[in-house]
Novice: 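Dropping a structure here in structure tokens format, bear with me for questions.
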Amino acid sequence: MTSPLSVIILAAGKGTRMQSAKPKVLQTLAGKSLLSHVLDTCHQLTVDETIIVHGFGGEQVKSEITNQYAQSSITWIAQTEQLGTGHAVQVTLADLPKEGQSLILYGDVPLVSCQTLAALKSANTNGMSMLTLTVDNPFGLGRIKRDQAGNIEAIVEQKDASADEQLIQEINSGIYCVDNALLHKYLPKLSNDNAQQEYYLTDIVKMAVAEDINIIAIEPEHTFEIEGVNNRQQLASLERTWQGKLVADLQEAGVQFADPTRVDIRGTLRAGQDVFVDVGVVFEGDCVLGDNVYIEAGCVIKNANIGNACYIKPYCVIDRAEIGDGVDIGPFAHLRPDTILSNNSKVGNFVEIKKSTVGHGSKVNHLSYIGDATIGTDVNVGAGTITCNYDGVNKSQTIIEDNAFIGSNSSLVAPVKIGDTATVAAGSVITEDVDAHALAFGRARQTQKNNFQRPTKK
Ligand code: UD1
Ligand code: CA
């Protein structure tokens, strides 16, 4: 039987330097709160218990996270006074199993990877393992003291470090995997007899070493995994680093970015080969692109599935749409949730589509609103066509069957059905179903007055 794994996420700090009414761990990176990043990573491991230590803005953190993770059970522990990292873990002891081990993470260090956490857990064979890194500028961080043989002896905080100790470049990430038995044993013994008068979690290292426990240190694959967020500059810089990583992974998979620094992926993007993404494109949520998709400047694409060889012209907004192969969209098209565009269909400029299906090869090329509609194959919807789907109270459906032709500037007052191969004359207001193969006019007949005299100026 494998020993149970708990995760303890420290998230009680106020984050004063963010200058925000919002608790720091709720600030977003790549469209997701810092704390959600940590939780999502933990969910990729087999975790038996997740404990979040909250303090400043705790209720706000708790309600937002509880809403978002309704399925998972999280143990919330309030640390009413922030007396240090050691104290923060101390307050969890009553809820922490006696057996097993705990990963100790920070809510404001969002990008630690699940591979690194899995490696850290595997490295904990003696009671405690930790993530460290040798950096150029260790200022402000805890330093790793090692003995002649290279074994870890202690962690010294910046403010307690001697001049010699300050030269050490190996730093403490603050992320550990520790046997719960040791946490139960050592944490009650912490003192705050140090420069900051805080209960340092780092002091458990000395205690373990005193009992001949050989602490194993491993390094993360990427530096950004242990970078924390304390101010807006660090948040922005970590955002860029993360975007750079996502873009590099996609480049490796065959995606071309016009400028790798001018694209944002706030979620996950999977893409086929020979995809081109121009500048200023934002992806949100889960997006999937097929092969040979071409996306021009300024598009915002959210939770969309886009087939092969689609061409998306500038400034389209696509939200929860399902798009087949060979579809042309835009410029300036707005596809709202539950839009389905079938293969080889075409949606042109200033067209808004909502909760509608556009059939194979059909075209809605200019200035239209299509809502709650089902459009068959090879239909032509003329410029300025509006489906009048809302009577002020209820939404109704419009059905346009295969090969129908809707003349420009028509209003289709739903519920209404346009039959197979029917034609609607331009400028019509259609309130009744049109039969297959029929031509329907729904407008006043043109009249003419001959030899009309225009008014003259008096
Ligand atoms: C800590 C480590 C230091 C390490 C650094 C890495 C200690 C004593 N020092 O520094 O060796 O290099 O992290 O970033 O552990 N927190 C609480 N309650 C508290 C105090 C902190 O929840 O009472 C949380 C904070 O919200 C934050 C994390 O713990 O997420 C770290 O706190 P912070 O003050 O940034 O760490 P340091 O003590 O400076
Ligand atoms: Ca910090």
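Everything numeric here is computed off the predicted structure, so don't read it as measured data. Atoms within each ligand, like the ligands themselves, are counted from 1 in listed order. Residues: numbered from 1 along the sequence shown.
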Novice: Please state whether G228 comes within less than 4.0 angstrom of ligand 1, counting heavy atoms only.
Specialist: no
Novice: Set out, in order, the CA-CA distance, both residues' side-chain angles and the distance that settles side chain to side chain contact (heavy atoms under 4.5 Å, CB included) for V89 and L10, then state yes or no.
Specialist: CA-CA 8 Å; V89 182; L10 306 189; 4.0 Å; yes
Novice: Test E170 against every option in K145, R143, R146 by the salt bridge (Lys or Arg N to Asp or Glu O under 4.0 Å) rule and name the one that passes.
Specialist: R146
Novice: Would you say the side chain of N230 lies within less than 4.5 Å of the side chain of D108, judging by non-hydrogen atoms?
Specialist: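 Contact flag for D108/N230 side chains = yes.
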Novice: Which ligand 1 atoms does A11 reach within 4.0 Å, using its non-hydrogen atoms?
Specialist: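 Close to A11: 22 (O).
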Novice: Quick one: which ligand 1 atoms are inside 4.0 Å of a heavy atom on E157?
Specialist: 2 (C), 3 (C), 7 (C), 8 (C), 9 (N), 10 (O), 11 (O)
Novice: Would you say V53 contacts ligand 1, with heavy atoms under 4.0 Å as the rule?
Specialist: no
Novice: Would T202 count as being in polar contact with ligand 1, using the rule that some N or O on each side must be under 3.5 angstrom apart?
Specialist: no
Novice: I need the atoms of ligand 1 closer than 4.0 Å to a non-hydrogen atom of Y200, numbered in the order shown.
Specialist: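 So the atoms of ligand 1 that pass are 8 (C).
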Novice: Would you call D264 and R240 a salt bridge, taking side-chain N to carboxylate O under 4.0 Å as the test?
Specialist: yes
Novice: Looking at ligand 1, does any of its N/O atoms fall within less than 3.5 Å of an N/O of E81?
Specialist: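 No, E81 has no N/O under 3.5 Å of an N/O on ligand 1.
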Novice: Any ion pair linking K32 and D40 (charged N to carboxylate O, less than 4.0 Å)?
Specialist: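 The answer is yes: the pair qualifies as a salt bridge.
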Novice: Check for me whether H87 has a heavy atom closer than 4.0 Å to any atom of ligand 1.
Specialist: no
Novice: Taking 4.0 angstrom as the limit, do R320 and D338 come out as a salt bridge?
Specialist: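 Salt bridge between R320 and D338, a charged N being under 4.0 Å from a carboxylate O: yes.
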Novice: With a 4.0 Å heavy-atom cut-off (strictly under), which part of A12 contacts ligand 1: side chain, backbone, both or neither?
Specialist: both
Novice: A quick test of your reading: do over 12 heavy atoms of other residues, nucleotides or ligands sit less than 6.0 Å from CZ of R270?
Specialist: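 Result for CZ/R270: open.
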Novice: Judged by non-hydrogen atoms, does L83 sit under 4.0 Å from ligand 1?
Specialist: yes
Novice: Tell me the contacting part of N230 for ligand 1: side chain, backbone, both, or neither, using a 4.0 Å heavy-atom threshold, strictly below.
Specialist: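 The answer is neither.
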Novice: Tell me whether K185 is salt-bridged to E211, with the criterion being a basic N under 4.0 Å from an acidic carboxylate O.
Specialist: yes
Novice: Any nitrogen or oxygen of I155, main chain or side chain, under 3.5 Å from a nitrogen or oxygen of ligand 1?
Specialist: no
Novice: Looking at the rings of F350 and H334, which for Trp means the six-membered one, are their centres under 6.0 Å apart?
Specialist: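 When the ring centroids of F350 and H334 are compared, they turn out to be at least 6.0 Å apart.
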Novice: Does an N or O anywhere in Y176 fall below 3.5 Å from an N or O of ligand 1?
Specialist: no
